[in-house]
Each structure stands twice: as C-alpha cells, then as structure tokens.
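Here is the structure we will look at, set down as structure tokens.
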Amino acid sequence: MLTEYAFWFLSFLAVFSALTMVVTKNPVYSVLSLILTFFAIAGHYFLMNAQFLAAVHIIVYAGAIMVLFLYVIMMLNLNKFEDEKKSLFMNSLSVIAGCILGFVLLAVVKRTDELTIVAKASSAEVGLVENLGNALYKDYLLPFEMASVLFLAAMVGAVYLSKKEMV
Amino acid sequence: MEKLVSLIPLFPLVGFLYITFFGKGLSKNLIGGIGSGAIFLSFIVSIAVFTTQLHGGNPTTVKVLDWITAGTFDIDIAFIVDPLSTIYLLFITGVGFLIHVYSIGYMHDDEGFNRFIAYLNFFVFFMLILVLGDSYVTMFVGWEGVGLCSFMLIGFWYKDMKNNDAAKKAFIINRIGDLGLIIGMCIIFFQTGSLKYDELYISGSEASSLQGWHLHAAAIFLFIGAMGKSAQIPLHTWLPDAMAGPTPVSALIHAATMVTAGIYMVARSSDLFSASDIASDVVTYVGILTAILGATIALTQNDIKKVLAYSTVSQLGLMFVALGLGAYSIAVFHVITHAFFKALLFLGSGSVIHGMGGEQDIRRMGGLKKYMPTTHITFLIGTIAIAGIPPLAGFFSKDQIIAVAFENNILIFVLASLVSALTAFYMFRLYYLTFHGKFRGTHDQEHHLHESPKVMTIPLVVLAGLSIVGGFIGFPHAVGHSVHFPHWLDHFLEKTVVMPFMEADVATESILMIVATVIALVSTYFAYNMYKKNEELALEDDEIESSTHLTLVNKYYIDELYDKIIRKPVDQLSAFIGKFIEPNVVDGLVKQVSAIPQGIGAATKLVQNGKMVMYILAMIIGLIVLLITLI
Amino acid sequence: MDPILLYKIILCVIVFAVSLGIAAYMTWGERKIAAVLQDRVGPDRAGPFGLFQPLADGLKMFMKEEMIPGASNKFLFILAPGFFMLTACMTSVVIPWGSGLEINGTVYPMQITDINIGLLYLLGVVSIGVYGIMIGGWASNNKYSLMGALRASSQMISYEVAMGLALIALVMWTGTLSLGEIARQQDAGWANVVYQPLGFLIFLICAFAETNRAPFDLPESESELVGGYHTEYSSMKLGFFLFAEYINMFISSAVLATLYWGGYNFPFQHELGLEGNTLAIIQTVVLFAKILIFIFIFMWVRWTLPRFRYDQLMNLGWKVLLPLAIANIFFTGIGMYLFGKLG
Amino acid sequence: MMEILPNVTINHYLMLSVALFTIGAFGILFRRNAIIMFMCVELMLNAVNLTLVAFSKLWGGTDAQVFVFFIMVVAAAEVAVGLAILMMLYRNMHTTSTDVLDKLKW
C-alpha cells in the first residue's frame with residue numbers, strides 16, 4: 001500500500017516539476033524544478049530497490065551536474081531568459097511534432113500490454129553495491145575503463161575551453 | 001682465380017666511398033694515392049684474371065648475389081669472365097690508372113679535387129660493372145651508372161652555366177639512346193625469356209629463338225642504345241660539348257672507355273647482329289656516315305679538344321663500320337689501340353692547356369715544342385699512331401678495318417680510305433699549328449709556358465709506348481706470318497664473338513697496307529705543306545667566306561637543325577597546350593567536376609541553417625517515423 | 001503503534017534535540033575557547049560562566065526585526081536557510097550512537113536507520129548542502145552575497161572530490177558502505193585511523209572546508225565580502241545559517257569519530273564486565289566525548305590559523321589533497337594485497 | 001503479472017517515462033535558450049534511465065543498471081564540456097540563445 005502511494009506521489013512530483021522546469025521563465029526556478037524531478041526519480045529508484053543507483057543519481061545529478069548549471073547561470077547572471085521570438089509556423093510545427101511524438105510513444109507502450117512477460121522473482125539484491133560492482137568490474141570492465149578515458153578527455157576539453165586567454 | 005673478379009669493381013667502389021665520406025681533411029696527394037691505388041689494385045687483379053683466360057681458361061660466370069627473382073625473370077648480380085670482358089678490364093683499369101695518376105697533377109690546384117677523384121673512381125666502378133655484368137640488366141646498371149658519372153664530370157665545374165648545359169645535353173641525348181636499349185632488351189626478353197648472355201648465346205651461333213622482324217628490331221634497338229652512348233649520327237652532338245669537363249675526363253670517359261661501351265655491347269651481342277643482315281647494314285652505314293662527318297668537321301675546328309672530340313666521333317664511326325661488316329674482333333682491336341693513342345692525345349692536349357694556362361684555341365698557340373719537349377714528342381707519337389702510319393698502333397687496326405671494307409663493299413672501302421686520309425690531315429694540322437711555327441699567344445702566356453710536372457708526363461710516356469707497341473696484338477697475316485704472331489687478338493676472342501669470314505690472301509693484304517700507308521703519308525705531306533711550310537693559319541670565325549667551310553665550322557648545322565625540328569615545335573606545342581587546352585579543356589573539366597558538389601552543397605546547405613529547432617524537429621520526426629514503422 | 005516505529009520516532013526527536021542543544025552550546029564553547037586562547041574571560045554575565053548566553057542569543061535572534069531586501073527573490077530568499085538547515089540535520093540519521101538498547105527484551109540499534117549505502121547517503125546529502133548557500137547568495141541580489149555563494153559552491157565541490165576519494169579508500173579497507181557495520185568492525189580490532197592515517201587527515205581537512213570553517217572560511221570572509229552569502233540575512237534566517245554551520249560541525253565530528261576513531265567503541269569495553277544497557281549508555285558517552293574533542297579541534301584551529309587565500313585553497317584541494325587521496329587508494333590496495341584482504 | 005511493485009506494473013513506469021520524455025522534447029522544441037535545452041536533454045536521459053531501472057527490476061538483472069550508470073557518466077562528461085562551450089559562447093557573444101548562435105564561426 002505504502003509503496004503504491006509513494007509511486008503516485010513521486011510520479012506526480014516528477015511530472016509536475018518537469019513541467020515547471022520547462023515552463024518557468026526564471027532559470028534558477030528551472031534548475032530547482034529539475035533538481036526536484038531528479039529527487040523524485042531517485043525516489044523511484046529507491047522504490048525499485050536500486051539504492052546504489054539512487055545515491056549515485058543524487059550525487060551525480062543533483063550534487064554535480066545541476067550545481068554546474070546553477071553555477072553557470074549565476075556566473076552569467078541570467079536573471080531571466082531573454083524573450084524568445086518564434087515564428088507561428090515553427091510553433092505550430094513544434095506542437096504537432098511534439099504531440100505526435102507523445103501519442104506514438106503512448107501507442108508503443110500500449111503495445112506492451114500484448115506481451116506476456118512474467119516478472120522474475122527478482123531478488124532485492126540486484127541493486128546492491130556488491131552485485132553492481134561485480135557486474136561493473138567483471139563483465140563491463142572495458143566500458144568502465146573507456147568511460148574513465150572519456151572523462152579525462154572531457155576534463156581536458158573543459159579546462160581548455162574555459163581558459164581566459166582564448167578568444 | 002676467376003673468383004677474384006668480384007674484387008675488381010670492389011676496389012674503385014671502396015675508393016669512392018672512402019674519399020667521399022672520410023676524405024675531408026686528407027692531403028691531396030693522399031687522396032690521389034688512394035684513388036689511383038684503388039684502380040691499380042683492380043689492374044693487378046685484372047691481369048691475374050686475364051692470365052687465366054690467356055692460358056685457355058673457359059668463360060665462366062661468378063655469381064655474387066641474388067638480385068631480382070620474379071617469376072621466370074631471374075637476374076643475379078654475377079660477373080662474366082671471358083676473353084672479351086677481360087681484355088676490356090685490362091685497358092679500362094690500365095688506362096684508367098694512368099689517367100688517375102695524371103689527374104693528380106692536372107687537378108692539383110682545383111678546389112674540387114676530392115670530388116673529382118671520387119667521381120673518377122665511381123666511374124671506373126660502373127664501367128667495370130658494365131663490362132663484367134653477365135646479363136643485359138646488369139650491364140644496363142653500369143651503362144646508366146657511367147652515364148651518371150659522365151653527367152657529373154662534364155658538369156664538374158658547375159659554377160659555369162655552360163658546363164651544366166653541356167652535362168644536361170649529354171644526359172638527355174643518352175636517355176634517348178637508353179630508351180632504344182630498353183626496348184631492345186624488352187624485345188629480347190619477351191621473345192626468349194632471358195637476358196643472360198650465356199643463355200642467349202650459349203651455342204655461339206644464332207640467338208636462341210629470335211627470328212624474323214623480332215631479330216632485326218632487337219638488334220636495331222640495341223644499336224640505337226649504342227648510338228647514344230658511342231655518339232653516332234644523329235645522337236653524336238653531345239660528345240663535342242662534353243669537352244666542357246676537365247681534360248682527364250675527356251680522355252678517360254669520352255675517348256677511351258665509356259664511349260666504347262656501345263662497341264662492347266654490339267660485340268657482346270655479335271651473335272644477334274651477325275644473324276641480322278639489316279641491322280648490320282644499318283650499323284655499317286651509320287658508322288661510315290659518322291666517320292666522314294666527324295672527320296670533315298674536325299678539319300675546321302680550332303679548339304684543340306674539339307678537334308680531338310670530332311676525331312673520336314669519326315674513329316667510333318670506323319669501329320661501327322667494322323662491327324657492321326662482321327669484323328667484331330677488329331672493332332675491339334681498334335677500340336684498344338684507340339684507347340691508347342686517343343687517351344694519349346687528350347692527355348697531351350691537357351698538358352698543353354695546362355701549360356697555356358687554360359687556353360684551348362690552337363690559333364693562339366704555336367711553337368710549343370721548345371717549351372714542352374716531352375709533351376711534344378708524345379703528342380707526335382699519338383698523331384702518327386692515329387694517322388695510320390706504320391708501325392704504330394693505329395695503322396694495324398685501321399688498316400684491317402679498311403681491308404674488311406675492301407672485301408665486303410667497295411663504296412665503304414673508298415669512304416673509309418677517305419676518312420683515313422682526312423684523319424691524317426687534320427691531326428697533323430693540329431700538330432703543326434700547336435707545336436711548330438712561332439708562338440701566337442699573348443706575352444703573359446709565353447712567359448707562363450712550362451713543361452708539365454712528372455706526374456703528368458710519365459703517364460704520357462707510358463701511353464706513348466703503348467701507342468707504339470699496341471698494334472702488335474693484331475698483326476695482319478702479311479706481317480704476322482713472318483713473326484709467327486698473326487691475328488693473336490682474333491684467336492683470343494674466338495670464344496666470345498663471331499669471327500668474320502675472311503679469305504684475303506697475303507698479296508691483297510700487302511697491297512692494301514701499302515695503299516693505306518701511301519694515303520696517310522700523302523695527307524701528312526699536304527698538312528705539312530699547308531701548315532708547316534706556308535704557315536697557313538686557320539681563319540677567324542668572321543673571316544670565313546666559303547659556304548662549305550662555314551658549314552663545316554658550324555658542324556653541318558646539326559644542333560641548329562635539332563633546335564628547329566624538335567625543340568621549337570615542342571615549345572610551340574606546349575605553349576599551345578598551356579594557352580588553349582589547359583584553361584579550356586582541363587580547367588573546364590575540373591570546374592565541371594567541382595560544380596557538382598557545389599550544387600549539392602548549395603541544395604543541402606538549406607538544411608544546415610544553424611537553427612537548432614530545425615535539427616531537433618527533424619530528429620523527432622525521424623523518431624516518430626521509426627517508431628511507427630516498428631509498431 | 002508499531003514499537004519499532006515509535007522507538008525510531010523517539011530516537012529522531014532525541015537526536016534532533018541533542019544536535020540543536022549541542023550546536024547551541026557550541027556557540028558558547030566557541031566564545032569561551034576563543035577567550036581562553038586569547039587570554040580573555042569570555043561571556044560570563046548570563047548565568048554561571050555565562051551558560052545561559054546561547055538562550056539569550058536565540059531569544060535575541062527571534063526578537064529582531066526581519067529584513068528582506070526589496071530586489072531579492074523572496075521565495076528563494078526564505079527557502080535557502082531552511083534548505084541549508086534541512087541538509088545539515090539530515091546527515092545525522094545514519095550515525096550509530098551506540099551498540100544497541102534492550103527494551104522489553106528487544107534490542108534496538110541506537111541508529112535511526114542503517115541503510116546499506118550509508119556513506120553514499122552521506123556524500124549525497126553533503127553534495128546537495130551547497131544549494132542552500134548558492135540559492136541564498138543568489139536570491140539576495142547582492143554582489144558580495146553572490147561572490148560568497150560562488151566561492152562557497154566551488155570550494156565545496158572541489159573538496160567533495162578529495163573527501164569522496166578518501167572515503168573510497170576506507171570503503172576498500174572495511175568492505176562496506178554501512179556506517180553501522182563500520183562501527184561494529186571497530187568493536188574488536190583497531191580503530192580505522194590506524195590503517196587509514198592519510199585518509200583521516202584528508203577527510204579532516206576536507207571536513208574543515210566543507211563546513212566553511214577557518215582556515216577555509218572564504219565564503220564568509222568578512223574582510224572581503226562583508227558577510228559572504230549571508231550578508232543580506234538578518235534575525236532568525238541568519239541564525240539558521242549560523243546554526244546549521246554548527247550542526248554541520250557537530251555531524252562532521254560525529255562522522256570523523258565513527259569512521260576513523262572507533263565510533264562508540266572504547267578500549268577494553270568487553271573486559272569491564274558491563275552488560276547491555278549500561279554498556280550502551282557508556283558507549284554513547286564515549287562517542288560524545290570523542291565528538292567534543294573534535295569540536296574542540298575545530299575551534300582550536302579556527303582561532304589559531306589564519307585564513308587561506310582563494311588560489312591557495314584551490315591549489316591545496318586540487319593539487320595536493322586530490323593526488324594524495326588517489327595515492328592513498330593505491331597504497332590501500334597494496335596494503336590489502338599484503339594483508340590478504342583481497343577477495 | 002507484470003507488477004514490479006504492489007499494484008504498480010511496468011506500464012505505469014513506462015507511462016511516467018513517456019510523460020517525462022515528451023515534456024523534455026517539448027521543452028527543447030519551445031525554448032531557445034541553450035542552457036534550458038541542455039536541461040531538457042538531461043530530463044530525457046533520465047526518462048530513459050527510469051525505464052531501464054524499471055526493466056531491471058522486472059527482469060532481475062544488473063545489466064540495465066550498469067547501463068544507467070554509464071549513461072550518468074556520459075551525461076556528466078557531456079555537461080562539463082557543454083557548459084564550458086556555453087561559457088565561451090557567452091563570453092564572446094553575450095547570449096545563450098540558439099536563435100543567435102546559428103553559425104559555425106564568427
């Protein structure tokens with residue numbers, strides 16, 4: 001019972017704050033709404049017994065990525081996003097495309113009803129650090145190493161880009 | 001003993017490399033010693049190898065390395081040891097050594113001394129490869145190598161543009177001949193599948209499987225190669241210009257050795273040429289034409305080296321006459337004697353130029369015999385030898401060529417006799433104008449006149465001695481029977497080259513000898529009469545009125561002719577192409593090609609308008625389409 | 001009601017109350033220690049030894065006029081100190097305060113929750129703690145506040161990295177992310193500081209930086225930025241910021257004590273022959289003694305060392321502590337190999 | 001049958017994910033500010049992550065969670081570089097609007 005209520009609450013929170021993020025004119029509100037969405041998603045992870053992912057999700061997204069966004073917004077002193085002028089044509093086109101995308105996605109999800117998948121008696125152990133660690137460092141060692149190289153490259157790139165002397 | 005043969009080209013190569021890389025800072029005498037010492041060692045080994053052949057050793061091939069193996073095409077770096085190659089070895093290393101020694105004195109004050117000696121060693125190395133190679137391919141390596149060295153040595157004083165032009169001219173004209181040689185080699189290879197002498201001419205009879213027009217074409221194309229290297233009409237124009245190089249170079253490369261490579265190649269292919277009557281006729285007529293042309297031009301030249309150069313052209317022509325008539329051994333005989341006396345004459349002229357302080361015009365000389373006695377004597381010996389006055393070397397070899405001509409073709413005989421007469425005349429003209437009369441140069445030059453140092457005169461003396469006795473290796477029957485030494489060279493070369501069919505009796509031979517001697521003596525008298533007695537001088541260029549004379553002075557206008565019929569049209573053609581075809585046809589095509597991607601780019605540019613919404617819209621639409629097709 | 005739930009609620013309240021109480025008396029302690037170090041008397045008017053001073057201060061905070069700058073973003077301006085306070089208090093749920101209380105035959109752990117990713121939770125909460133400062137600084141619409149906020153956020157992000165890496169070495173050694181488990185492991189053997197001296201040092205320095213304490217109190221360096229991110233704050237909102245900082249200090253000390261100094265364990269605890277609840281209470285007292293020692297160190301350092309310059313701070317974080325932390329991981333790996341602790 | 005939580009099936013999670021994804025897509029389509037578009041991309045990535053975790057719960061395997069982990073890694077790297085680029089752009093152009101930033105070179 002409790003988990004069901006939690007699901008509906010978190011889902012509502014996620015969708016609501018996501019909408020706020022898109023709609024609001026104030027960039028800081030956007031960022032904060034998105035952080036709220038991330039918390040809601042982290043809560044979903046907790047519900048699904050993926051505690052490790054939930055913690056990492058908070059640390060990475062809320063603790064690092066969104067701080068960077070906020071930081072950049074503060075550095076650039078963007079108190080309000082400048083008014084965006086858009087053509088009516090592009091707007092209507094966007095609306096149509098977005099709506100179709102939503103409907104098509106829903107249609108895709110509906111199709112899953114026809115599938116007869118029996119959920120595995122999944123153990124609560126899956127999301128534990130130990131199991132994930134084993135998967136990560138045994139089966140996915142090479143991608144893991146490559147991800148570290150990617151990080152290094154991204155770090156070098158970011159440092160180089162933000163050098164003051166560059167014009 | 002044959003195994004030692006690979007040492008022969010090794011010594012000059014080592015000498016070249018040593019002088020090039022370690023020669024800096026060594027004294028000039030030491031460098032000269034190393035250079036000529038390397039050749040001398042080769043000479044010693046050559047003698048040893050030659051002795052084995054002399055004592056009836058069989059022709060052998062000494063393999064050094066595998067070189068090219070591609071399918072049926074199999075070429076080794078291998079050296080052939082047989083009478084023809086060993087006799088060439090002897091005079092290349094022998095004369096080469098003397099010229100090296102001479103160079104030490106002649107080039108002593110030149111800043112490029114090291115380079116000069118190194119190049120000379122390098123040249124000898126390639127010449128030996130050329131002679132020793134057991135196949136056309138190996139020979140071709142040497143052939144190109146000597147061409148390269150010739151190029152470098154003609155342009156040795158590279159600061160003067162004239163010398164560079166001469167070097168380029170020699171190189172380019174040689175390339176034309178080389179193309180012929182390559183085509184000939186290709187024909188032989190595609191028809192027989194081999195380029196090795198011993199496989200091609202194994203039986204000593206006809207070329208294994210070459211027949212019909214292939215045979216003639218192969219022989220003629222090979223001869224075109226020889227024409228380039230041995231300066232035959234119409235590819236002779238480079239040789240007189242090549243006199244721009246230092247005089248020892250003229251002596252070694254452009255008189256004694258390299259230019260006779262053509263003779264060597266034809267003699268080596270004697271089976272081929274004797275089987276092709278057409279090719280032989282071509283060789284004969286080209287040879288006699290060249291001989292006459294060279295001799296007539298030599299009559300009017302005033303540059304001491306130019307006279308000798310045209311004389312060389314003429315003598316080479318005579319050798320080809322012998323080749324064309326099938327007398328391969330006699331051609332080789334003349335090559336050897338010619339090497340002796342022409343090297344002697346060139347070195348003598350070098351000595352004169354040395355003494356005159358660089359002056360080469362004989363109109364500025366005269367009366368040098370009292371200043372340069374050794375040079376005078378040796379030069380006189382050389383002149384007598386080339387003029388064909390017995391018993392010096394030139395007489396025997398030239399006489400035999402004339403004899404062969406007499407037996408085969410009266411026309412050729414008459415022309416050859418004429419060449420012989422002209423030779424005697426222009427050589428004595430040169431001799432008298434240079435050494436007799438009174439000195440016509442400036443006072444400074446007279447003051448400067450001196451005999452050359454020992455290091456230069458000793459080679460002259462040695463070569464003079466060889467010019468005197470060199471003819472004895474090929475006594476004609478008429479003389480030879482009495483000394484039990486007839487036609488030694490012919491017999492020696494029997495194993496390698498095809499022997500002429502000669503059945504002249506002793507009487508005819510004797511008469512011919514007497515006729516030849518008389519002709520030479522009469523010519524000499526004319527020359528004496530004109531230039532010694534009357535002291536008739538050559539005219540300055542602008543005083544000449546006779547059109548015949550003018551034609552001769554201008555070398556039959558052949559250079560101008562080439563300029564008109566080859567260079568000008570090519571220039572005009574390229575100007576035409578550059579002006580019309582290039583901008584319209586080629587550029588037009590390129591522009592058309594570039595227009596296509598430009599058009600595509602102009603069309604697709606509209607999609608890449610930088611509006612991110614457009615991109616995202618396109619992505620989302622693509623996603624929708626993808627999902628719709630999937631569900 | 002479920003007795004466990006009831007127990008947890010009671011424990012929550014106790015921990016919250018104790019945190020606040022300790023934080024309140026830390027202000028008094030700080031003043032007294034500063035006075036001792038500077039050879040002064042310190043607060044002595046309110047009550048004996050000035051012991052009622054914190055109460056008086058709190059009362060003053062509540063009574064003061066509340067000022068909200070006109071150009072500020074009011075919602076965020078009010079939200080920020082609350083959020084900061086919230087994250088400060090959230091950390092205490094994973095700290096084990098004692099081995100376990102026996103009530104009516106059931107043993108209740110003296111820890112609000114022992115989640116198996118306790119350390120990650122700790123890091124996560126610390127990492128979002130920066131939002132309170134940033135939002136507060138930005139919402140004030142004041143350049144000193146903004147500069148203070150930017151400094152604070154970059155300082156905290158920078159030191160979080162080294163802190164996390166120091167913790168990773170500890171996790172490698174102990175093999176668990178649960179704080180309760182870490183505390184239990186130190187029951188029988190040595191305290192972790194014996195195995196992780198370098199890690200402890202790095203963690204200590206990072207804790208100074210994370211709590212914005214001297215010598216890393218650049219975000220509020222009054223000589224440059226007036227008051228840093230809370231320049232515009234007054235009355236109880238300012239009190240929240242200051243209070244949260246003391247709570248942070250208290251929690252940091254608790255974490256340090258738990259992770260590296262044996263937590264509630266003390267030497268020879270099993271040889272004393274004490275049983276059950278008596279032992280648990282003594283353990284709690286011992287833990288608080290350790291925490292107080294660390295709090296004293298915090299204050300001692302503050303009144304002893306001068307403030308760093310900003311570039312020195314960054315250099316220390318990225319060029320000294322980070323490489324050291326990585327080296328520490330490396331040495332820990334070697335040590336585990338030598339002690340046979342690898343799988 | 002396809003429940004992964006009591007009374008919550010996989011479809012619930014997919015619906016939620018679709019909702020978040022579509023909101024993100026709308027955001028990108030309608031907003032012109034590069035920073036907010038960036039955040040919308042993050043939102044879409046998270047929608048995908050959510051389905052992955054849900055399926056991981058359904059199937060009881062770790063692979064999907066590892067995948068989520070890598071997506072986080074890539075997102076972090078992307079943000080680091082992307083924001084650096086945005087900072088540079090702002091420094092030179094004084095705007096983060098994609099309406100203005102539509103050329104490869106200035």
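Lettering follows sequence order; numbering is per chain, from 1.
- Looking only at heavy-atom pairs under 4.5 Å with chain D, the residue among A:Val159, A:Val31, A:Asp139 that has the most is A:Val31.
- Atom-to-atom distance recorded for A:Met21:CE and D:Leu20:CG is 9.0 Å, nearest 0.5 angstrom.
- Comparing A:Ala147, A:Gly98, A:Ser148 by heavy-atom pairs within less than 4.5 Å of chain D, the highest count is held by A:Gly98.
- Interatomic distance, CE of D:Met72 versus CG of A:Leu53, reported as 5.0 Å (0.5 Å rounding).
- The residue among A:Val95, A:Val156, A:Leu2 with the most heavy atom pairs within less than 4.5 Å of chain D is A:Val95.
- For the set A:Thr3, A:Leu34, A:Val23, A:Val60, the count of heavy-atom pairs under 4.5 angstrom toward chain D peaks at A:Leu34.
- To the nearest 0.5 angstrom, D:Ile23 atom CD1 is 9.0 Å from A:Thr20 atom OG1.
- Contacts of D:Ala76 with chain A are made by both backbone and side-chain atoms, with heavy-atom separations under 4.5 Å.
- In this structure, the separation between OH on A:Tyr61 and CG on D:Asn46 is 4.5 Å, given to the nearest 0.5 Å.
- When heavy atoms are compared at a cutoff of 4.5 Å, D:Ala47 does not approach chain A at all.
- Going from atom OG1 of D:Thr22 over to atom CD1 of A:Ile100 covers 12.5 Å, rounded to the nearest 0.5 Å.
- Contact count versus chain D (heavy atoms, under 4.5 Å) is highest, among A:Ala135, A:Gly102, A:Gly157, A:Ser11, for A:Ser11.
- If you measure heavy-atom distances from D:Phe21 to chain A, the contacts under 4.5 Å come from the side chain alone.
- Both the backbone and the side chain of A:Phe144 come within contact range of chain D, judged by heavy atoms closer than 4.5 Å.
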